[in-house]
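I have placed the structure first, in the form of structure tokens, so that the comments after it can refer back to it.
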Number of protein chains: 2
Amino acid sequence: MDAEAAELKVLDTAERLFDERGVQAVGMDALRTASGVSLKRLYQLFPSKDVLVEAVLRRRDGAVRDALAAHGARVADGPYERALAVFDWLGSWFAEPGFRGCAFINTFGELGGVAPNVTTLARDHKEALRAYLAAQTDALGAPPALADQLALLANGAMVVAGITGSPEPAAQAKAAARVLLDAAAR
Amino acid sequence: MDAEAAELKVLDTAERLFDERGVQAVGMDALRTASGVSLKRLYQLFPSKDVLVEAVLRRRDGAVRDALAAHGARVADGPYERALAVFDWLGSWFAEPGFRGCAFINTFGELGGVAPNVTTLARDHKEALRAYLAAQTDALGAPPALADQLALLANGAMVVAGITGSPEPAAQAKAAARVLLDAAAR
DNA sequence: GCATCGGGAGAACGATCGTTCTCCCGTCCG
DNA sequence: CGGACGGGAGAACGATCGTTCTCCCGATGC
């Protein structure tokens with residue numbers, strides 16, 4: 001296993017374990033066992049756990065932005081449908097087995113108070129979602145406040161879906177988003 | 001200091017420290033130092049940290065339900081205004097110094113994956129908020145789905161306000177809630 | 001073939017965790 | 001006045017954490 005494959009395996013495993021159990025409950029030894037990457041290699045790839053946590057979040061941030069953009073690109077019907085499609089994307093995410101909420105919301109809750117870089121990452125990540133929604137509402141000529149409201153619906157859906165374990169909030173948020181969009185585009 | 005006062009001091013201190021730093025980052029020794037209650041008394045009041053965490057969350061749950069009901073009782077203008085008033089209440093909460101989000105959302109993020117009782121408590125707590133909103137929308141003759149949507153706005157506002165550190169999401173959510181209420185009561 | 005080097009397995013280290021125990025002092029009851 | 005008792009301070013304990021070190025093996029270059 002070369003360095004690149006090891007790094008990928010570590011990041012994949014860490015992302016899964018952090019999500020399942022929380023960051024602090026996953027020891028480096030558990031990560032070694034689960035990933036099959038030796039402790040020595042682990043520490044030469046990521047010199048500390050903090051660095052690893054940040055790397056996991058950064059990669060996740062990029063993956064979410066890419067998935068959001070890719071999902072939006074498949075919707076050719078214009079910004080109105082693209083804004084609503086975000087909630088379909090949320091719905092398929094919520095329905096994944098083991099879904100336990102947004103990694104940034106969860107990690108912020110666990111570490112945000114003591115790790116400023118986690119707070120910054122969460123802030124940037126949530127701003128990216130808002131910016132994506134703002135791009136759609138701007139194209140509709142709707143006021144920027146609408147994007148903030150849609151972002152609240154999306155984040156609320158993530159939280160409630162995570163806590164209740166049901167994907168239903170995605171559809172509820174989509175219905176609410178449609179009302180807000182229609183009212184603004186009136 | 002009698003047992004009752006000690007318990008109160010422990011719960012107050014634990015709630016504050018858990019919120020500031022997360023649950024796992026607060027050791028029983030730090031709690032002893034910050035509360036002034038000896039380790040021996042601490043363990044005779046709460047036989048384990050798990051029990052203490054649950055007690056903190058249960059008390060917080062009751063306090064939130066009471067505050068919500070009390071705030072609503074001050075709004076005599078009927079269910080429409082009472083539903084909107086929830087977001088004013090959120091706004092004053094978000095503006096408190098050191099606000100870092102909802103304790104149930106944050107604790108679920110940290111421990112929900114490994115502590116089923118935390119998940120249950122968070123679920124019940126969020127259901128109580130939804131039920132309160134449903135009581136208002138029912139009185140308006142609005143469909144029950146509206147309460148779910150308002151709850152998504154409220155939870156989304158908590159998350160975004162916590163992560164960004166701004167109380168603004170309360171006002172944004174209130175504006176969105178008004179649109180949804182008006183559309184449903186049309 | 002032999003020396004060199006990177007990496008794997010896992011022991012070791014110091015710190016800290018949750019929890020319990022020891023020791024000691026002040027207080028009440030006879 | 002004496003002794004039983006409750007509680008405070010904090011040491012002690014075993015476990016586990018993040019991190020480093022040791023030892024050994026297999027491949028690679030000359």
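Lettering follows sequence order; numbering is per chain, from 1. Hydrogens, waters and symmetry mates play no part in the numbers below; they use all other heavy atoms, side chains included. On a predicted model such as this, the values are computed, not experimentally measured, just so you know.
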Rounding to an integer number of Å, can you tell me how far [X] [atom1] sits from [N] [atom2]?
X: A/Leu31; N: C/dG8; atom1: CG; atom2: C1'; result: 16 Å
X: A/Gln44; N: D/dT20; atom1: CD; atom2: P; result: 12 Å
X: B/Arg32; N: D/dG8; atom1: CZ; atom2: P; result: 10 Å
X: B/Leu45; N: D/dG8; atom1: CG; atom2: C1'; result: 14 Å
X: B/Phe46; N: C/dG18; atom1: CZ; atom2: P; result: 15 Å
X: A/Tyr43; N: C/dG8; atom1: OH; atom2: C1'; result: 16 Å
X: A/Met28; N: C/dA15; atom1: CE; atom2: C1'; result: 16 Å
X: A/Leu39; N: C/dA11; atom1: CG; atom2: P; result: 12 Å

If the threshold is 4.0 Å, N to carboxylate O, is there a salt bridge linking [X] and [Y]?
X: A/Asp77; Y: A/Arg82; result: no
X: B/Asp12; Y: B/Lys9; result: no
X: A/Arg58; Y: A/Glu54; result: yes
X: B/Glu20; Y: B/Arg100; result: no

Assuming nearest nucleotide by heavy-atom distance, tell me which of B/Arg41 and A/Gly27 is located more 5' along DNA chain D.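 Result of the comparison: B/Arg41.
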Looking at every strand, decide which applies to [X] at a 4.0 Å heavy-atom threshold: base, sugar-phosphate, or nothing.
X: B/Lys49; value: sugar-phosphate
X: B/Gln24; value: nothing
X: B/Val26; value: sugar-phosphate

I want to verify a distance call: between C/dT20, C/dG8, D/dA9, whose nearest atom is closest to the A/Ser38 side chain?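 The nucleotide sitting nearest to the side chain is C/dG8.
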Quick check: on DNA chain C, is the nucleotide nearest B/Lys40 upstream (toward 5') of the one nearest B/Asp50, or the reverse? Name the residue that is more 5'.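 Comparing both residues, the 5'-ward one is B/Asp50.
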Is the ring pair A/Trp93/A/Phe99 parallel, tilted or perpendicular, if the boundaries are 30 and 60 degrees?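 Judged by the thresholds at 30° and 60°, the geometry between A/Trp93 and A/Phe99 is perpendicular.
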